[in-house]
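Positions are given from 1 along the sequence.
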Amino acid sequence: MLSGLYVKTAIKFAKQRLLPKTQVGDIMVQHDTGAHAPAMGGNYNGWLRPQQLLLRTDGTVELIRRAETIDDLFATLKFMPKVLKK
């Protein structure tokens, strides 16, 4: 079964499919993720979105969106903490 950090429990991208043996550091590419694509994505459970890479037909790879940072996650938050008095 293939799932990940951004996947709800009931959603699986690959089930009963043979996949090659992987090792730590291997990269898996998944095309056509539907509603799980970045255009429909959000910061589900506070996870930062990863970088987005474009694989061109000539084999080159281009960074098209940088990975989000914790500052990005809180950039639009306006929060004034209450001052607690003793």
Side-chain angles (χ1 to χ4, degrees):
M1 178 180 347
L2 178 60
S3 62
L5 297 174
Y6 304 99
V7 182
K8 295 180 182 177
T9 337
I11 300 172
K12 285 108 180 146
F13 290 116
K15 189 175 178 184
Q16 297 180 349
R17 293 192 177 117
L18 294 176
L19 297 172
K21 186 172 181 169
T22 59
Q23 299 178 39
V24 172
D26 285 352
I27 297 173
M28 296 184 90
V29 175
Q30 184 171 345
H31 297 278
D32 303 319
T33 57
H36 294 281
M40 297 282 293
N43 293 98
Y44 186 72
N45 285 340
W47 289 101
L48 298 173
R49 287 177 277 215
Q51 67 183 2
Q52 294 176 36
L53 303 172
L54 175 65
L55 175 60
R56 297 197 177 274
T57 55
D58 65 1
T60 60
V61 177
E62 182 181 345
L63 176 70
I64 58 173
R65 186 169 300 195
R66 66 170 173 79
E68 289 183 335
T69 66
I70 196 73
D71 289 334
D72 294 327
L73 186 62
F74 290 102
T76 60
L77 180 66
K78 290 192 176 195
F79 175 73
M80 297 298 291
K82 293 181 179 178
V83 177
L84 299 177
K85 296 182 181 180
K86 291 184 181 182

Is atom CG of Leu77 surrounded by more than 12 heavy atoms (other residues, nucleotides or ligands) closer than 6.0 Å?
yes

For residues 66-75, which residue pairs pass the side chain to side chain donor-acceptor pair (under 3.5 Å) check, not counting sequence neighbours?
Asn43-Glu68, Arg49-Glu68, Arg66-Asp72, Thr69-Asp72

Under the 4.5 Å side-chain heavy-atom rule for ILVMFWY, direct or indirect, which residues accompany Ile64?
Leu54

